[in-house]
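Basis for what follows: all heavy atoms, side chains included, without hydrogens, waters or symmetry-related copies.
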Amino acid sequence: MASVVRSLGQVPSILIVVGAIAIIAWYKAHRRAHRLAQLRSKYTDEDIVQRIMRHEVWQGQTTDQLRDSRGEPASVDGGLLKTRKREVWKYHRSGKNRYRLRITLDNDVVSDYFQKN
């Protein structure tokens with residue numbers, strides 16, 4: 001970096017850095033706007049869209065909403081019980097079979113979740 005500053009001078013180097021930061025900021029804003037548009041076309045409830053954008057988990061959330069909010073889980077446990085389907089989606093691996101976030105789904109709806117700090 002020092003050799004670039006010496007060869008170009010300080011002002012052009014600063015302009016290059018500021019330009020790069022501006023491009024990154026524009027790209028992030030564009031990506032966020034595109035994501036918002038996708039979610040708004042998929043879900044009619046603006047509250048759900050905003051909660052997904054904040055990566056929230058809540059009871060009553062569907063598997064599609066959870067996938068949109070948190071992405072694919074690192075691991076899934078579960079299967080069929082007598083009267084319902086139960087799965088535990090695990091996120092943020094912290095050791096062997098240890099995860100910082102565990103989300104329980106009954107019949108493809110979030111029924112409980114536990115997050116370790």
- prompt: Does CZ in Arg98 sit with more than 12 non-hydrogen atoms of other residues, nucleotides or ligands closer than 6.0 Å?
  reply: no
message: Can you give me the closest heavy-atom contact between Trp58 and Tyr113, atom names plus distance?
response: CA-CE2, 4.1 Å
Can you tell me how far the [atom1] atom of [X] sits from the [atom2] atom of [Y], to the nearest 0.5 Å?
| X | Y | atom1 | atom2 | value |
| --- | --- | --- | --- | --- |
| Leu36 | Ser41 | CG | OG | 11.0 Å |
| Leu39 | Gln65 | CG | CD | 10.0 Å |
| Gln50 | Asp47 | CD | CG | 8.0 Å |
| Leu80 | Asn107 | CG | CG | 9.0 Å |
| Arg102 | Trp89 | CZ | CH2 | 15.5 Å |
| Leu66 | Tyr91 | CG | OH | 4.0 Å |

- request: For side chain to side chain contact (heavy atoms under 4.5 Å, CB included), just list the numbers for Tyr43 and Asp64, CA-CA rounded to whole Å, side-chain angles, deciding distance to a tenth of an Å, and then say yes or no.
  value: CA-CA 10 Å; Tyr43 304 107; Asp64 281 344; 3.8 Å; yes
Holding to salt bridge (Lys or Arg N to Asp or Glu O under 4.0 Å), I want the full list of residues that pass it with [X], two or more places apart in sequence or in another chain.
| X | result |
| --- | --- |
| Arg51 | Glu56 |
| Arg31 | none |
| Arg86 | Asp106 |

- prompt: Taking C-beta and beyond as the side chain, do Thr63 and Leu105 meet within less than 4.5 Å on heavy atoms?
  reply: yes
message: When you compare the side chain of Ile14 with that of Val18, does any pair of heavy atoms fall below 4.5 Å?
response: yes
- prompt: What residue pairs, at least two apart or across chains, pass ring-ring contact (aromatic ring centres under 6.0 Å, His included) with a residue in residues 12-40?
  reply: Trp26-His30
- prompt: Do the side chains of Ile48 and Met53 join up, straight or via other hydrophobic residues, at under 4.5 Å, putting them in one cluster?
  reply: yes
- request: Could you list all the salt bridge (Lys or Arg N to Asp or Glu O under 4.0 Å) pairs where at least one residue sits in residues 33-42, not counting sequence neighbours?
  value: Arg40-Glu46, Lys42-Asp68
task: Sequence neighbours left out, what pairs pass salt bridge (Lys or Arg N to Asp or Glu O under 4.0 Å) with at least one residue falling in residues 108-117?
output: Lys85-Asp108
- line: Result for side-chain contact (heavy atoms from CB on, under 4.5 Å) between Lys90 and one of Leu101, Asp77, Val76 points to Asp77
- prompt: Would you say Tyr99's side chain and Gln115's backbone share a donor-acceptor pair under 3.5 angstrom?
  reply: no
Gln61 side chain vs Val110 backbone, donor-acceptor pair below 3.5 Å: no
